[in-house]
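Below is one structure, written out as structure tokens; the observations come after it.
In what follows, every chain begins at residue 1, and chains take the letters A, B, ... in the order their sequences are listed. Everything quoted here is computed from the prediction, not taken from an experiment.
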Amino acid sequence: MKLNVEGLLVYFPYEFIYPEQYSYMIELKRTLDAKGHGVLEMPSGTGKTATLLSLIVAYHLEYPQVVGKLLYCSRTVPELEKVLEELQRLMEYYTKEVGEMPKILALALSARKNLCINPDVKGAGVGKEVDSKCHSLTASHIRIKNRHDPNVPVCSYYESFDAGGREESLPAGVYNLDDLRRYGRIKGWCPYFLARYSIMHANIVVYSYHYLLDPKIADLVSKELSKNSIVVFDEAHNIDNVCIESMSVTIGRRTLDRCSQNVETLQNHLQKVRETDQEKLRNEYKRLVEGLREANLARETDVILSNPVIPDEILQEAVPGNIRNAEHFVTFMRRFVEYLKSRLRVRHVVSETPVSFLRDAFDVVCIDRKPLRFCSERLRSLLRTLELASVADFSPLILIANFATLVSTYNKGFVILIEPFDDRTPTILNPVMHFSCMDASIAIKPVFSRFQSVIITSGTLSPLDMYPRILDFQPVTMATFTMTLARQCLCPMVITRGNDQVAISSKFESREDVAVIRNYGNLLVEMSRIVPDGVVCFFVSYSYMENTVSSWYEQGILENVQKHKLLFIETQDAAETSMALDKYHEACENGRGAVLLSVARGKVSEGIDFTHHLGRAVIMFGIPYVYTQSRILKARLEYLRENFQIRESDFLTFDAMRHAAQCVGRVIRGKTDYGIMVFADKRFARSDKKSKLPRWIQEHLSDAVLNLSTDEAVHISKRFLRLMAQPFSREDQLGLSLLTLEQLQSEEFRERIRQIAHQV
Amino acid sequence: MAATEQVQLMANKVRYKKRDGTLYLMGERVAWCPEGRDHFDLTVVYSDIKCQKVSPEGKPKIQLQIILLKGDSYVFHFSHDDPAIARSTRERVKNLLAQMLPKFRRKIDKELEEKNRLLQTDQDLFQTYKDLVVSGIITAEEFWNSHSSKLPSEVGSMQKVGVSAAFLADLRPQTDGCNGLRYNLTADTIQSIFSTYPAVKRKYMDKVPDKLSEKEFWEMFFQSHYFHRDRLNQGNSSKDIFSDCIKKDDQDLLALLQIGVKDSFNDLTYLEDEDSTKAEGYGTQADVSSKGKPSSTQLINKNIIKRFNHQSAMVLSSSNKPTDQSSGDNGTVVDGEPTTKKAKLKESVQYDDLETGNSQNEVSLNLHRSERYSHGPTIVNQVHQELNGQRVHEGMHIVSNQCRTYIPRLSHVIDPSQASTALTDLSPDNTRNHLGESQPNAIQHLLSPAQQEGLKQLYLSATELARHFWSCFPATTPFLQEKVTRMCKSIENFHQTRVRAYQDDLRRNMVHANVTEHLEDMFSAIFTKFNSWQSKKGGRK
């Protein structure tokens, strides 16, 4: 249908529309009009992506000067693919309505692992190996060698891309990962470099967060994107953690040992090069004196290490004199590694700021701050000069160099923690040094300041005001949308006690209590008995799940579960879990039904949807608080309190509840879907927890379902399932949760739509 | 005949019906000959035997029972003075029988059983069968050919019973009163164990019966660590014959992991968009390799989890048809990209309720007892309570709107006179109704219940024959031509005997209404067709 959203003609590729979608478009348009940032929460399964894309594409076509480019960031590869599929659909609709396809080039960008078509390279399978193999075939010095000696292998796909791929730009269209590979195969071009090259002139780029947030990659990939782009972070409920992860470094004893080896290897290479080709080193030295930035010279394939520091911070200076000479630099690195080793020898926990770390380094080994800042730049230059074949081997040294640069660049918002042993095994010496970022806003700040509109959106962003605070930005729009429903298709409830009236809770004091574990078990047995097809359960942590499963096994509870359904359990091994997940799907498809035991914050809870019969009920065993004894977390909480005035308990609850909401939200993926959401913990009923759930869940959590025992919950679920099993047709929805164009234009519905969005 | 058959096993001192004698197991049958006689009192062909049973161990009487398909059974008592010899003889008989029976258990038995059952449950069919087949009008084969749809199809009847996920849980040991444990194993449980753990099955094939007796085998199985899930002590006890099963399982698991998951949406390793910079060391998580060794309890817990996943996967795969795996569901591969992935992607972005054209290729549910399915909760009252005033008002509004705008589309309806003609044309005694002479329920008034029943039978048989007759046209093959002739003869025969008899019976009972008129019409149509066909055939010659 063609919509008029406050004067903008929007092509929406469906014949009907949900009221909240229209409302979302209005809010989004206002944000774009104001050229500001927005935080929008819309329930999962209400066609958020389709809505976003139709509005932004319409906006782009109408005002190409205002909105130049759309950068759509999502979390997982399947999600990226889904976005492009939606876009494909939109383009088809445009073609049908307008008669021709709009001149829009949209493409996905992913790691080499997912794009490579060279059978020799692709065979490596694991991402890191693919990257290093690719590098060993496409690095510029290898290609030069190949010109003299054709026996040196190069990648034919890259060669032909380099020869002809740059002049001829990709024709307009939507290119998913598969499409890119297919196109690459037809043309004989490398899809990865084609995609990287094409982002510059593409209208819509879909890639994962890292390409924009992680300075190490963002510098390579997203540097030259124009300012009038719109950035969308979808599934952004975890965005602060992504920011923090991208700026943090963890160094263990093993890394340092391998670093020393790296330094030795470098030294040997240097020796060799000095004997054979002194000229090369002299050239490098000259370059460094002139302070030429490598970026201009380096070919795209050579960049194996980029500066971990955010672009603004990089100095436009020459590399300091004491590390300009290659040998001096190697010695410098050796000294630094030795210093780190000595720091790891402590027997007690150390927590210090970057400033005091640098002072100590200066006092002990006379390492100054300035050369440290140039470590990663200098190492990059050296590795390139030495023309090493396998750069992947140097990853520990690169890590240390990155750390050196980071620690000397930022003195606020970071903490250095040295822990001589793991808290859970206090007898085993296993020293680890964490260089931890505490301020999520550091990594995302350039994004906010560079692009005119940044939209942060997800199904679960509550409480909305938290995100602007921890990411430190001023949004122009903050809105949360409810889910209009013709029938109540989600059935959230809080179970506070078992049939024996013992309170159930995963709080630390009582989680190992036999009665609690038994009551959790009985709950699972009962639910697996009455719920058809798939049941998904989330535990608060792996260790808690392992312990509970073994107690359940001893108590014979699992046998009772097995009487009704097959049982699959997430493990820490991704491949094993994938297998279990696949079998779980199979069991749900063929009607046997299955139970999946999984972990909140685990991979399953973050990336896998359980649509329709794959998840008819989800049980949250306990509140998924983060492990609060962690020193990194404590430091971060303190930082948040001092700098952002966020109380520890508020942040912890916020963090736990967003994960809980993520977990339970996995089962509802649309209005025709339905599912039971069981919150099995006494504490969920408290208002400070409840109020942090997304609105669209909260409004169905009436007081009547806040304090249930297992059999009461079973009773409610039974009734709910029977109601849901009745036929549900469009006519039931029409006018309530589904609108035709005429209805949308009527005054009565306008009023109702206005009520759907809740400004914060 | 007995002389030419090879005697496979001869067991002396076997009592049957309290008489001593000798049991012979021969190439195709079991026979028993009383002592001092030279002919068999009892012979049973293997293919007639449904199964055999033996008396439990420890019972004083050592017996073997043979149950026939018909339901009869024969009990043989091995009455040698020395019970050990008697038992070993019985074992030998049992083993040989166990080998022989499957060879003779032909599919045909199953079919026969099935047909038998069908005839027993369907009275009408049985009557027709009696009329046509037993009286020799058509052959049994022809009869079943036309009724094959009523027989449960091959595929349907062969549906395998799956394995219950809790089959091991059902296997609860009981104390036998003297500090021992007893497990009750049924054939079903054993089947479940075998199909879930092929390694155990192979072991069983290996060891039983040459190295271990069945009982010993299962004893060891239940004692084994393989059965108990703490697999920590694997390899420690050399006695445990199942230790290599564990290794085999682990290997299988690894092999499966190597293949990976076909559906990339379920592949967790595919989720993460890892780039070279996302290497170990970055982020706040310490790398896994540097973690300390897990404690033994952790290891046990992990093993339990692994074990559950494995067991569920095996249970699931045991109910899969083996063909599934060979063909795979990878879909056709276009340019190296599986098409199923594309379809999955399409499906995942589809919102059914936002589009008009609902998919036509929906699979309809095939319900045996639909009333059970559609028996939903009575919710009407509750709905009223839940709806608030505004909603009710809206609903009313919608309904009244629909009523007001309702336009019957009369142009699409068949007109009444045509409809009634079509209806009467399709009813048997159309002529009479057509003329409007008789009341609708004339037959009920005219005929006694017995006569009505007779008429019904006549119709059933006649239509059956007529169907056979008409289905032969066009009679292109010699076989069909031959069948046409034969059918016509049969019908004539039927007409002469059964219909006439019925008419006579009616006349005797002073019923003058011509209720068989329609039947006669059918027959005459058949005869006319036959004559014209024959003359045509003759003309062609």
Where does [X] contact chain B at under 4.5 Å (heavy atoms): side chain, backbone, both or neither?
X        : result
A:Ile608 : side chain
A:Leu429 : neither
A:Ile569 : both
A:Leu417 : neither
A:Thr571 : side chain
A:Asn176 : side chain
A:Ala580 : side chain
A:Glu606 : neither
A:Tyr18  : both

Indicate the atoms forming the closest heavy-atom contact of [X] with [Y], along with that distance.
X        : Y        : result
A:Phe568 : B:Leu316 : CZ-CD2, 4.5 Å
A:Glu546 : B:Ile305 : CG-CD1, 3.6 Å
B:Asp267 : A:Ser578 : OD1-OG, 3.5 Å

Steps toward side chain to side chain contact (heavy atoms under 4.5 Å, CB included) verdict (B:Val315, A:Gln562): CA-CA 11 Å; B:Val315 166; A:Gln562 281 187 315; over 6 Å; no
What is the distance from atom [atom1] of [X] to atom [atom2] of [Y], rounded to the nearest 0.5 Å?
X        : Y        : atom1 : atom2 : value
B:Asn303 : A:Ser550 : CG    : OG    : 11.5 Å
A:Asp179 : B:Lys342 : CG    : NZ    : 5.0 Å
B:Leu345 : A:Leu177 : CG    : CG    : 9.5 Å

Between [options], the one whose heavy-atom pairs under 4.5 Å with chain B are most numerous:
options                            : answer
A:Asp609, A:Leu567, A:Val561       : A:Leu567
A:Glu81, A:Arg75, A:Met579, A:Met1 : A:Glu81
A:Arg253, A:Arg89, A:Lys671        : A:Arg89
A:Leu558, A:Thr49, A:Asn547        : A:Leu558

Dump the intermediate steps for side chain to side chain contact (heavy atoms under 4.5 Å, CB included) on B:Asn301 and A:Val549, then the final yes or no. CA-CA 8 Å; B:Asn301 292 350; A:Val549 165; over 6 Å; no
For B:Lys346, enumerate each residue passing the salt bridge (Lys or Arg N to Asp or Glu O under 4.0 Å) test, keeping only those at least two apart in sequence or located in another chain.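 Listed in chain order: A:Glu85.
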